[in-house]
Amino acid sequence: MHPAFSSLQFWTLLIPGCAFLFYMTPLLLRTVGIRAFSMASDSYASGSLSAAYVTCPNDTVAKDIARGLVERKLAACVNIIPQITSIYEWKGKLEEDNEVLLMIKTRSSKVSALTEYVRSVHPYEVCEVISLPIEQGNPPYLKWVGDIVPE
């Protein structure tokens with residue numbers, strides 16, 4: 001030990017340093033672990049998944065369609081959003097209806113089959129089925145959607 005560096009000085013530096021490492025190590029490991037997991041699952045191909053939207057006249061129709069989509073592996077998850085108001089023109093007349101919105105997570109490659117299924121069971125003459133590609137999101141969730149809905 002350097003003659004100008006006393007034993008007391010050594011311990012006054014060592015103890016706080018050890019305390020800092022003791023308290024910070026779990027945080028650092030958690031941060032590094034999360035980033036390592038994120039990097040390992042960052043292989044999502046932008047646009048390979050889609051969010052599709054379908055309006056339904058009521059909760060019963062919405063639940064029936066949602067269950068059918070998930071059971072047929074056309075969707076990983078369907079959120080049912082109640083009590084929306086739609087204002088639109090139909091056959092030359094302004095309409096206003098209470099509806100239920102389905103937000104459907106699926107593969108982009110399944111949107112055509114999903115649309116075909118919805119059209120076959122939906123009570124509307126012309127049902128709304130629109131989709132948007134998912135550009136990015138939580139990697140583990142996107143992986144889950146891809147795992148649930150086969151190619």
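- Placement of Val121 and Val100 within a single hydrophobic cluster is found when ILVMFWY residues are connected by side-chain heavy-atom separations under 4.5 Å, directly or transitively.
- The closest side-chain heavy-atom distance from Pro57 to Tyr124 is below 4.5 Å.
- With sequence neighbours excluded, the residues forming a side chain to side chain contact (heavy atoms under 4.5 Å, CB included) with Ala51 are Tyr53, Ile134, listed by chain and number.
- Cluster membership for Tyr117 and Leu102, using ILVMFWY side-chain heavy atoms within less than 4.5 angstrom, is shared.
- Every residue two or more places apart in sequence or in another chain that forms a side chain to side chain contact (heavy atoms under 4.5 Å, CB included) with Ser109 is listed here: Arg107, Glu151.
- Asn58 meets the side chain to side chain contact (heavy atoms under 4.5 Å, CB included) test with Thr60, Val61; sequence neighbours excluded.
- Applying the salt bridge (Lys or Arg N to Asp or Glu O under 4.0 Å) criterion to Glu71, with sequence neighbours excluded, gives no partner residue.
- Criterion: ILVMFWY side-chain heavy atoms under 4.5 Å apart, direct or through other members. Under it, Leu142 and Leu132 are not part of a common hydrophobic cluster.
- Pro133 places none of its side-chain heavy atoms less than 4.5 Å from the side chain of Leu49.
- When the side-chain hydrogen bond (donor to acceptor under 3.5 Å, both in side chains) test is applied to Lys93, no partner is found at least two apart in sequence or on another chain.
- Take Lys110 and apply the side-chain hydrogen bond (donor to acceptor under 3.5 Å, both in side chains) test, not counting sequence neighbours, and it matches no residue.
- The side-chain heavy atoms of Val54 and Leu101, taken from C-beta on, include no pair separated by under 4.5 Å.
- Residue pairs meeting the side-chain hydrogen bond (donor to acceptor under 3.5 Å, both in side chains) criterion with at least one member in residues 127-138, sequence neighbours excluded: Ser46-Glu135, Thr55-Glu128.
- Taking Lys63 as the reference, Asp59 meet the salt bridge (Lys or Arg N to Asp or Glu O under 4.0 Å) condition, with sequence neighbours excluded.
- Every residue was checked against the side-chain hydrogen bond (donor to acceptor under 3.5 Å, both in side chains) condition with Tyr141, not counting sequence neighbours, and none meets it.
- For the residue pair Val149 and Ala75, the shortest heavy atom distance occurs at CG2-C, 3.5 Å.
- Ser48 and Ala45 get closest at one heavy-atom pair: OG-O, 2.8 Å.
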N/O donor-acceptor pairs under 3.5 Å from side chains in residues 82-91, not counting sequence neighbours:
unit_1, atom_1, unit_2, atom_2, d
Ser86, OG, Glu99, OE1, 2.4
Tyr88, OH, Asp97, OD2, 2.3
Lys91, NZ, Glu125, OE1, 3.4

The test is side-chain contact (heavy atoms from CB on, under 4.5 Å); show your working for Val70 and Val78 and say whether it passes.
CA-CA 8 Å; Val70 174; Val78 180; 4.0 Å; yes
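- In this structure Ser108 satisfies the side-chain hydrogen bond (donor to acceptor under 3.5 Å, both in side chains) test together with Ser50, sequence neighbours excluded.
- By the side chain to side chain contact (heavy atoms under 4.5 Å, CB included) test, Leu114 pairs with Ala52, Leu69, Ile104, Thr106, Val118, Val129, sequence neighbours left out.
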